[in-house]
Amino acid sequence: MAKPYTDDIVVRQVAVGETEELMTFLLAYYYPEEPLTAGTQPPEPEAADKEFLLSNVPFGTCFVALHEGRIVAAVVAGPKDSHEPEHMAEEARKYAGGKWGSILHLLSAVETATDVCRRFSVPSCLHVHALGVDPQLRGRNLGGRLMEAVAQRGRDLGHQLVSVDCTSVYSARLVQRLGYQLINTLRYVDHLDASGQQVIRPPPPHESVQTFVLHL
């Protein structure tokens, strides 16, 4: 159901038939500035990366903000359970050697360190994977509105927790303002491959992945 505000922005759930429009927006306003994507080569995301994000749409846990019918912000979230650390490690091995594999290598390390479902003794939670905002409409709390929509959807589905791995200093500031609790930090310079090389080198000012949770 669409959620109107007093201004000209409408936040609503992404429909299954809108994946193409969602990805078009993410390619323009999420991927180019996302530190894991920007910190690995080539600059374009791999097909498996894009397919993973879109695989969350059928859960009804992805939302967009619309201005005059145009997508100006989007969030991608989906459920995970206590088996996620093992699943992430398997996916990282599967895609080893490519850009998506390098990203999964880091995210798997984060997942193993945080293990939020076991840590907080919950059967499942909603995890935020991506958040993008059109720079022309930044400063209007669109990111906050989308995160609030995810939290409400989590409550509606019976989840007790929302988690997010903030790869950017800006997303970390946002969720802190929303009351999220910091539970883990992994510095990019500390995440190395088997040969001792730094796996991901994001541009400044991004220095770490910070994992936050919100209890619902």
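Numbers here simply count residues along the sequence, with the first being 1.
For the pair H83/C117, no side-chain contact is recorded, criterion being any heavy-atom separation below 4.5 Å from C-beta on. Looking at heavy atoms from C-beta onward, P43 lies in side-chain contact with Q41 at the 4.5 angstrom threshold. Within the 4.5 Å cutoff, no side-chain heavy atoms of Q136 are placed close to those of H67. The shortest distance between side-chain heavy atoms of S208 and L186 does not fall below 4.5 Å. Using a 4.5 Å heavy-atom cutoff, the side chains of L137 and I9 are in contact. At a threshold of 4.5 Å between non-hydrogen side-chain atoms, the residues L66 and I71 count as touching.
There is no path of hydrophobic side-chain contacts, each under 4.5 Å, that joins V199 to L192. Under the 4.5 Å side-chain heavy-atom criterion for Ile, Leu, Val, Met, Phe, Trp and Tyr, W100 and L26 are members of the same hydrophobic cluster. Hydrophobic clustering (ILVMFWY, side-chain heavy atoms < 4.5 Å, transitive): V57 and L157 are in distinct clusters. A single hydrophobic cluster is seen to contain both V162 and L174, as judged by linkage of ILVMFWY side chains at heavy-atom distances under 4.5 Å, directly or through other members.
Separating the CG atom in L178 from the CZ atom in R173 is a distance of 14.5 Å, to the nearest 0.5 Å. Taking CD1 of I103 as the start and CG of L36 as the end, the distance is 5.5 Å to the nearest 0.5 Å. Interatomic distance, M88 CE to L107 CG, rounded to the nearest 0.5 Å: 4.5 Å. Interatomic distance, Y31 OH to K50 NZ, rounded to the nearest 0.5 Å: 7.5 Å. Atom CG of L104 is separated from atom CZ of R93 by 11.5 Å, given to the nearest 0.5 angstrom. Atoms OG and NZ, from S124 and K80 in turn, are 11.0 Å apart once rounded to the nearest 0.5 Å.
Side-chain N or O atoms of K99 include none that pairs as donor or acceptor with a backbone N or O of P45 at under 3.5 Å. With S102 contributing its side chain and G98 its backbone, the two residues share a donor-acceptor pair below 3.5 Å.
The stretch residues 124-143 participates, sequence neighbours left out, in these ring-ring contact (aromatic ring centres under 6.0 Å, His included) pairs: F52-H129, H127-H129. The list of salt bridge (Lys or Arg N to Asp or Glu O under 4.0 Å) pairs with a residue in residues 115-124, not counting sequence neighbours, reads E86-R118, D115-R118. Within the structure, the salt bridge (Lys or Arg N to Asp or Glu O under 4.0 Å) test picks out the following pairs touching residues 120-144 (sequence neighbours left out): D7-R140, D8-R140, E33-R138, R70-D134. Listed by first and then second residue, the salt bridge (Lys or Arg N to Asp or Glu O under 4.0 Å) pairs involving residues 204-216 amount to none (not counting sequence neighbours). Pairs engaging residues 167-206 under the ring-ring contact (aromatic ring centres under 6.0 Å, His included) rule: H105-H191, Y170-H206 [sequence neighbours left out]. Contacts classified as salt bridge (Lys or Arg N to Asp or Glu O under 4.0 Å) and involving residues 183-202 (residues at least two apart or in different chains) are given here: R187-D190.
Between the side chains of T211 and D165, at least one donor N or O sits under 3.5 Å from an acceptor N or O.
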Next on the checklist: Is there a side-chain contact (heavy atoms from CB on, under 4.5 Å) between C166 and V175? Walk through the geometry before answering.
Outcome noted: CA-CA 9 Å; C166 291; V175 300; 3.8 Å; yes
Checklist entry - Going through the distances and angles, do R12 and E18 end up as a side-chain contact (heavy atoms from CB on, under 4.5 Å)? => result CA-CA 12 Å; R12 66 165 175 79; E18 296 176 315; 2.7 Å; yes
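Of all heavy-atom pairs between A92 and S108, the closest is CB-CB, 4.3 Å. Closest non-hydrogen pair, L126 versus P79, comes out as CD2-N, 3.7 Å. Taking each heavy atom of A38 and P32 in turn, the nearest pair found is CB-O, 4.2 Å. Considering every non-hydrogen atom in both A73 and L142, the closest pair reads CB-CB, 3.9 Å. Nearest approach of A151 to L214, heavy atoms of both residues: CB-CD2, 4.1 Å. Summarising the geometry of Q160 relative to P123, their closest heavy-atom pair is NE2-CD, 4.1 Å, with the distance given to 0.1 Å.
When each of V150, L146, L131, L53 is paired with V76, the side chain to side chain contact (heavy atoms under 4.5 Å, CB included) condition holds for L53 and for no other.
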